[in-house]
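None of these values were measured; they are calculated from a predicted model. Just so we're on the same page: letters track the sequence lines, and every chain starts at 1.
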Amino acid sequence: MANNTNEKNEKIIELINVTKSFEEGVYAVNEMNLYVRRGEFVTFLGPSGCGKTTTLRMIAGFDTPTSGQILLNGKDISNLPPNKRPINTVFQRYALFPHLNIFDNIAFGLKLKRVMTEVKDKNGNITYKATKLSKQVIAEKVEKVLKMVDLEGFETRSVSTLSGGQQQRVAIARALVNEPQILLLDEPLGALDLKMRKDMQLELIEMHKKLGITFIYVTHDQEEALTMSDTIVVMKDGVIQQIGTPTDIYNEPKNSFVADFIGESNIFSGTMVGKKQVRFIAHNFDCVDDFELNEKVDVVVRPEDIFLMDEDKGQVKGEIIASVFKGVHYEMTMLVGKTEIVIQDTVERKIGEKVSLFIKPDDIHIMKKEFSSNIFDGYITKKNTVCFGDGEFECDVTQLYKGSILDEEGYLITAEGEKLDLTDVDVKVEVGLKDISISDDEEAGGAVGNIVSIIYKGDHYQLIVRTDENEEDFVFDTEDTWNENDRVSVIIPKDKIILKLKAENKK
Amino acid sequence: MENEVKVKKGFSFTRAHLCFPYAIFLVFFVILPLILIVYYAFTSKSGRISFENFIWFFSSWASIKTLLISIGLSLLTTFICLLIAYPVAFILARMKSNKNVILLFLFIMPMWINFVLRAMAMKELLDLFGIITKYNYLSTVIGMVYDYLPFMVLPLFTTLSNLDKSYEEAASDLGANKVKVFTKITFPLSLAGVFSGITMVFLPCMTCYVISDTFGSGKVTIIGKFIEQWFGTGDNWHYGSVIAFILIVIMFISTLFTGGFSEDKNSRGTTL
């Protein structure tokens, strides 16, 4: 147990380069490095399939890492079976044993426990012997833990007569009664209704404070994570995105994924245009982060950090297109050019009202963009070409539906024989950095713009061509030399335009 | 108004009408025969109500011996089936799904081959080793186990593969080693399938005399054979009925034991 401050800071569990792969080449958890301090309340947060449950299962011992080490108090436990680990788990669906009553469920671990007791042999020498806990000790412990979870008198009830919330409490009691060094909780509140969940959150925080046991909690609910944890580990695709306190993670998200996952946020594509100056939604904003000139960045602004003002007073003009009352504040959507911005404010602005927005420099969070391809919003035209980035390009629309073909009239025939008209269908367009070329001839390509940036990358240049109308950027690699401000057209081969249906169009 | 009256007069097909065919079947092939059995069992040859058939059965050593032998053979068969089927079902249930389908098929396939044909084939096989003529009871048990094994495997497999793995993980998490996990969690939670399998093997074993005839060289008489004899060559429907009635009572009691009438939805596994 953690009594002095020295022990409090020591690592109770440490994951070193832990990788778990269930299928060749597919990683549930990839090269994970993490440690948890004694007595900490740590939450693994992420969308489903991010590897958070797999990580928890490896700590519990249900899964063994494909490679890497798990250290408990400095000792490698990677291959130790679950029953040999001083760790207990509260399962997602509780997993209470249906054939045992509440008492026997909770006493399950205690009955299996062996303790070393002093025994005097015939000659009076003291030896140690592993003995079972006495019935009386077990009964006392069960009673105590039942009292803690407010279920006194439930000993003889059967599991099926209990409500979800009560089963949850039994599951927690069954784990805690063994006095584990670490308590693992796998989305334990997922099956409860909102009110019950809120109550249980507070109770769990209370228990954690009182018992001083290390809690490792798994959830996909960002609010739950922010409320309960000392430390949050945000995960995505088996990789840790950020580790930090709730305040850190909320205020200083490391990348756009974290920003988007934790709380509501507006994420813009921006470009650094000067020292501590970033350009997005067609305006140069002062900011506090410094990046290289012309670097493409993600800009994150929280809805509550945007101030609405009368039309002429703010930085960028726009129009309110939606407003919803959310109790404490109004959630309004403002349209700036083609970009929708979500704003929370206690003062309501009417739909259709012309307004302007203002953002303080330190509320603009700038993150390095992991740039691997160009992503645009586009739509399919009548001629089965695609419009994006202020231009129109030839494309292969049959890739939208697997096994489909085009008939002579330009309708798409799906593999199931369905006839579809794709005109005006919204799509996500992806173009790789190596798949764009440019030409002096303004008629040669699908879009026209000026070269705004040339960055030398060792053996090639990375260029940005920006269009006039909506300031859309095409980023690409080339070995040719160009000059800044050259006016060029953008050429993309038909087969290099990757189209994806937007989620709302999917059936 | 008029419309409403018309609707009431006309025949309207409801869901309840769907059970008419089965209701007719039930009356002619289940309820009537049962009434006949009870009638014959409780009447004498002269048609008077009496218990003399029961007195005959329980005072005749031959009939009691047949009953005991039937029960003994069936218990032994059921037990052996359980011993063989449980590990197999356990392994099948734990396999990756694409593999276990084929293996399960191999276990279930014999059920599709004609039952008599299967019995004959097994008999020929046992004949090769000379078991049939020397050990009538042993060969009968082998034949029964061979024929009824799939009926034990299937319910066990269904129960075990539907068993939520998190129960076992929870037990292991709470400190149970592999043996304890099995004895304290897996086996108790699969009892539904065990009982289901027992019912599906034990009850037919008591009555199916084709197997005892084939494998016992006519020297093994089970209770089913006894009934057949009284209805056929013995020409005493009253004696035949009383044995059938006693058998029904025994089956009823054994079903009570295996929890067949229990309300708890967990107590019975899925059968065929």
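- At a 4.5 Å heavy-atom cutoff, the contact between A:I87 and chain B is made by backbone atoms alone.
- A distance of 11.5 Å separates CG of B:L174 from NZ of A:K113, quoted to the nearest 0.5 Å.
- Contact between A:N83 and B:N177 at its shortest, heavy atoms only, is ND2-CA, 3.3 Å.
- For the side chain to side chain contact (heavy atoms under 4.5 Å, CB included) with B:D173, the qualifying choice from A:L184, A:N178, A:T89 is A:T89, the only one to do so.
- One distance of note links CG of A:L100 with CD1 of B:I185; it measures 5.5 Å at 0.5 Å rounding.
- When heavy atoms are compared at a cutoff of 4.5 Å, A:N88 approaches chain B by way of both its backbone and its side chain.
- Other residues, nucleotides and ligands contribute only 12 or fewer heavy atoms inside 6.0 Å of the CD atom of A:E143.
- Around NZ of B:K180, the count of heavy atoms belonging to other residues, nucleotides or ligands within 6.0 Å does not exceed 12.
- Most heavy-atom pairs under 4.5 Å with chain A, from the set B:P188, B:S166, B:S172: that is B:S172.
- The contact list for residues 90-97 of chain A toward chain B, using heavy atoms and a distance under 4.5 Å, reads A:F91, A:A95, A:L96, A:F97 by residue number.
- In B:F79, the CZ atom is not crowded: 12 or fewer heavy atoms of neighbouring residues, nucleotides or ligands sit closer than 6.0 Å.
- Counted within 6.0 Å of OH on B:Y209, heavy atoms from surrounding residues, nucleotides or ligands total 12 or fewer; the atom is thus considered open.
- Of all the heavy atoms in A:H99 and B:K184, the pair that sits closest is NE2-O, 2.9 Å.
- A pairwise comparison of heavy atoms in A:P98 and B:L189 identifies CG-CD2, 3.5 Å as the closest pair.
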